[in-house]
There are 2 protein chains.
Amino acid sequence: MSHPSIRIDRSSRLPLYSQVAEQLERAISTGDLAPGDRITNEVALAADLGLSRPTMRQAISVLVDKGLLVRKRGVGTQVVQGQIRRPVELTSLNEDLQRAGQDPHTRVLGCRPLEADEHTLAELQIPSGSVVWDLHRLRSVGDEPLAVMHNVIPLDVIDLATVDLDRVGLYEAMRSVGIHLRVAHQRIGARRADAREAGLLGEHRGAPLLTMSRTAFDDAGRAVELGNHVYRADRQTFEVTLVDR
Amino acid sequence: MSHPSIRIDRSSRLPLYSQVAEQLERAISTGDLAPGDRITNEVALAADLGLSRPTMRQAISVLVDKGLLVRKRGVGTQVVQGQIRRPVELTSLNEDLQRAGQDPHTRVLGCRPLEADEHTLAELQIPSGSVVWDLHRLRSVGDEPLAVMHNVIPLDVIDLATVDLDRVGLYEAMRSVGIHLRVAHQRIGARRADAREAGLLGEHRGAPLLTMSRTAFDDAGRAVELGNHVYRADRQTFEVTLVDR
DNA sequence: GATGTCTTTATGTCAAGACAAAGGCTTGAC
DNA sequence: GTCAAGCCTTTGTCTTGACATAAAGACATC
């Protein structure tokens with residue numbers, strides 16, 4: 001029954017449950033809370049920290065949803081026995097790489113308005129005849145090409161002509177004009193590289209590629225981006241954590 | 001501002017928030033709640049149904065976490081504009097296929113105890129020298145081979161010798177001995193088929209395969225299963241829904 | 001010695017209320 | 001006519017309190 005030391009700051013604008021969740025997560029990642037450890041029960045923890053039980057419970061729920069803790073009624077809450085993995089998050093690949101200490105850069109292969117085809121209209125739920133941005137980019141790390149990225153974005157979402165996409169990530173640009181991404185559906189598959197992809201990625205034609213198609217929605221539920229990316233299979237995998245309720 | 005009709009049954013053993021969440025989800029899937037619709041605010045909904053606001057909020061949270069609804073402070077809660085997709089869940093592929101109306105069958109290629117190697121020991125967090133089940137299976141639908149599956153399971157988790165794995169799914173078998181899966185880490189990638197895989201899957205050597213490695217944990221946080229599966233890329237993709245909090 | 005029942009412990013569910021903060025709209029001043 | 005201030009709506013956060021239910025162990029009984 002491990003009892004991590006947690007300090008809360010009621011003057012902070014960060015929510016209390018969030019402060020607790022962060023410190024619990026840090027305790028797990030530093031090994032302060034070891035895999036298999038049972039943490040103090042919710043009621044006692046809440047009392048110790050001067051919090052109400054729902055608040056404490058919400059903090060724990062954050063980590064349960066992340067797959068770091070498991071709850072069992074009548075028993076307690078324990079740390080999952082797995083090593084910490086960084087799952088796919090709703091951030092751009094660019095930001096992922098930057099955080100990982102890599103030095104990604106991006107070359108714009110093409111960016112122009114285009115009349116949307118049937119499939120695009122359906123995915124983005126926009127009226128027939130709509131015009132969208134058609135953006136092709138190549139992402140690399142150092143000298144190594146990593147991914148060929150194709151994005152489709154409704155014209156009224158953002159004016160890409162005013163954005164320097166060689167230097168600014170797409171998601172970063174969208175955030176800067178007040179678009180908050182909330183939900184994304186992704187479909188991950190694999191196939192052979194065609195001639196164009198092989199050339200861009202420095203692979204042979206027919207090499208296995210990891211494919212990812214994404215539809216992203218903002219906080220008003222509107223579809224704001226379509227992504228259709230292919231990755232060199234030897235350079236990229238996707239991590240996913242599933243939690244059963 | 002759409003106001004779905006919801007009935008709650010206080011005598012049911014199903015939690016109230018769960019009843020509401022289910023009916024809301026059904027309203028969305030039937031189109032009763034259309035994409036883009038704003039639903040009645042939490043306070044009014046709770047009052048109408050005779051529930052407290054936290055309970056109503058919990059119900060909505062279920063659907064927000066599933067990516068069906070988005071909330072925006074000061075504005076309201078809206079239905080996401082995307083078509084409904086069935087994401088990867090913590091069920092076996094076998095059950096997924098059965099639900100989809102397919103007729104999957106499984107052939108056991110090999111199942112025997114084996115001393116665990118370094119990597120397995122680390123992933124399962126078990127002491128050096130431990131013995132594990134080493135299970136190889138081929139999954140098909142109709143005449144079409146679909147996946148080559150390799151699982152590793154600690155000996156003390158379940159006695160596979162007493163299970164008819166040609167007829168019973170692995171997860172089903174584990175549930176029947178009281179093991180409740182709660183969390184899984186999955187890593188999805190791609191590579192070329194080797195000779196053995198190509199033969200089993202009816203593909204050419206070098207064909208692109210979708211790979212999935214999974215570590216699954218039970219409700220006590222213990223690692224109980226390792227999966228290392230390869231899928232024919234033309235027959236399988238993975239759906240994932242990401243939600244930003 | 002095996003089985004069943006009670007007690008303890010901890011999470012699961014639910015209620016009622018309060019204040020904070022963000023977004024959007026209206027109103028008013030300049 | 002434009003911009004800013006203020007108001008209203010709605011979700012976000014937090015508190016206190018209560019009862020239900022599953023798991024595990026202790027205990028008594030057969």
Side-chain angles (χ1 to χ4, degrees), chain A residues 1-3 8-22 37-65 69-79 177-180 182 218-222 244-245, chain B residues 1-3 8-22 37-65 69-79 178-180 182 218-222 243-245:
Chain A
M1 185 117 117
S2 207
H3 195 125
I8 64 177
D9 173 12
R10 299 195 90 99
S11 71
S12 165
R13 35 248 161 280
L14 200 64
L16 298 180
Y17 76 88
S18 195
Q19 294 182 34
V20 175
E22 263 185 22
D37 275 3
R38 222 175 76 218
I39 68 175
T40 309
N41 71 71
E42 298 175 356
V43 180
L45 262 182
D48 283 1
L49 296 175
L51 299 173
S52 70
R53 191 185 156 208
T55 301
M56 191 62 225
R57 199 170 156 69
Q58 192 176 3
I60 293 176
S61 296
V62 171
L63 301 188
V64 169
D65 288 343
L69 296 178
V70 287
R71 289 199 262 227
K72 203 171 171 184
R73 186 192 301 204
V75 178
T77 304
Q78 290 172 280
V79 181
V177 295
I179 293 173
H180 306 295
R182 273 296 163 77
D218 70 0
D219 53 8
R222 178 179 59 149
D244 194 31
R245 34 196 145 273
Chain B
M1 185 116 118
S2 207
H3 194 127
I8 63 177
D9 172 11
R10 298 195 91 99
S11 71
S12 165
R13 35 248 162 281
L14 200 65
L16 299 180
Y17 76 88
S18 195
Q19 293 182 35
V20 176
E22 263 185 23
D37 275 4
R38 219 176 79 217
I39 68 175
T40 308
N41 71 71
E42 297 175 355
V43 180
L45 262 183
D48 283 1
L49 296 175
L51 299 173
S52 71
R53 191 185 156 207
T55 301
M56 192 62 224
R57 200 170 155 72
Q58 191 175 5
I60 293 175
S61 296
V62 171
L63 301 187
V64 170
D65 288 343
L69 297 177
V70 287
R71 290 199 261 227
K72 202 170 172 185
R73 186 191 303 202
V75 178
T77 304
Q78 290 172 278
V79 181
I179 293 173
H180 306 295
R182 273 297 162 80
D218 71 359
D219 53 8
R222 179 179 57 150
V243 178
D244 194 31
R245 27 195 136 268

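All figures in this text were calculated on a predicted structure; none of them were measured in a lab. Lettering follows sequence order; numbering is per chain, from 1.
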Next item on the list: Any chance you could measure A:L69, atom CG, to B:R182, atom CZ, to the nearest 0.5 Å?
Entry: 12.5 Å
Next item on the list: Search all heavy atoms of B:A59 against all heavy atoms of B:A21 and return the closest pair with its distance.
Entry: O-CB, 3.7 Å
Next item on the list: Whole angstrom is fine here: how far is it from CG in B:D9 over to P in C:dC14?
Entry: 12 Å
Note to self: Considering only residues two or more places apart or on different chains, which pairs with a residue in residues 54-65 of chain A satisfy salt bridge (charged side-chain N to carboxylate O under 4.0 Å, His left out)?
What the structure shows: A:E42-A:R57
Margin query: I'd like to check the side chain to side chain donor-acceptor pair (under 3.5 Å) partners of B:S18; sequence neighbours left out, ordered by chain and number.
Written below: none
Next item on the list: Side chain of B:T55 only, please: which of D:dG12, C:dT11, C:dA15 is the nearest?
Entry: C:dA15
What does the list of N/O pairs under 3.5 Å between the protein and nucleotides 25-27 of chain C look like, with a distance for each?
none

Notebook entry, point to check: In whole angstrom, what separates B:E42's CD from C:dA16's C1'?
Noted result: 15 Å
Item checked: Separation of B:T40 OG1 from B:D48 CG (nearest 0.5 Å) -> 7.0 Å
Next item on the list: Looking only at non-hydrogen atoms, find the nearest pair between A:L16 and A:D9 and report the distance.
Entry: CD2-O, 4.4 Å
Note to self: If I take atom CD in residue B:Q19 and atom C1' in nucleotide C:dG12, what distance separates them, rounded to the nearest angstrom?
What the structure shows: 15 Å
Notebook entry, point to check: Looking at the side chain of A:P15, which of C:dT11, D:dC14, D:dT11 is the nearest nucleotide?
Noted result: D:dC14
Notebook entry, point to check: Any idea which of D:dT11, C:dC14, C:dG12 is nearest the B:Y17 side chain?
Noted result: C:dC14
Next item on the list: Quick one: list whatever passes side chain to side chain donor-acceptor pair (under 3.5 Å) with B:T55, sequence neighbours left out.
Entry: B:S52
Notebook entry, point to check: What are the two closest heavy atoms between A:Q19 and A:L14, and how far apart are they?
Noted result: NE2-O, 2.9 Å
Notebook entry, point to check: Toward the 5' end of DNA chain D, which comes first, B:P54 or B:G76, by nearest nucleotide?
Noted result: B:G76
Next item on the list: Would you indicate whether the side-chain heavy atoms of B:D219 and A:V75 approach each other to under 4.5 Å?
Entry: no
Anything under 3.5 Å between a protein N or O and an N or O of nucleotides 21-24 of chain C, put it in a table, one pair a line.
unit_1, atom_1, unit_2, atom_2, d
C:dA21, O4', B:R73, NH1, 2.8
C:dA21, O3', B:R73, NH1, 3.4
C:dG23, O4', B:R73, O, 3.3

Item checked: Between P of D:dT16 and CE of A:M56, the distance in whole Å -> 15 Å
Notebook entry, point to check: Taking C-beta and beyond as the side chain, do A:N41 and A:M56 meet within less than 4.5 Å on heavy atoms?
Noted result: no
Next item on the list: For DNA chain C, determine which residues of residues 45-53 of chain A have any heavy atom closer than 4.0 angstrom to one of its atoms, and list them numerically.
Entry: A:R53
Next item on the list: Whole angstrom is fine here: how far is it from CZ in B:R10 over to P in D:dC19?
Entry: 15 Å
Notebook entry, point to check: Just how far is it from atom CD1 of A:I60 to atom OG1 of A:T77, taken to the nearest 0.5 Å?
Noted result: 5.0 Å
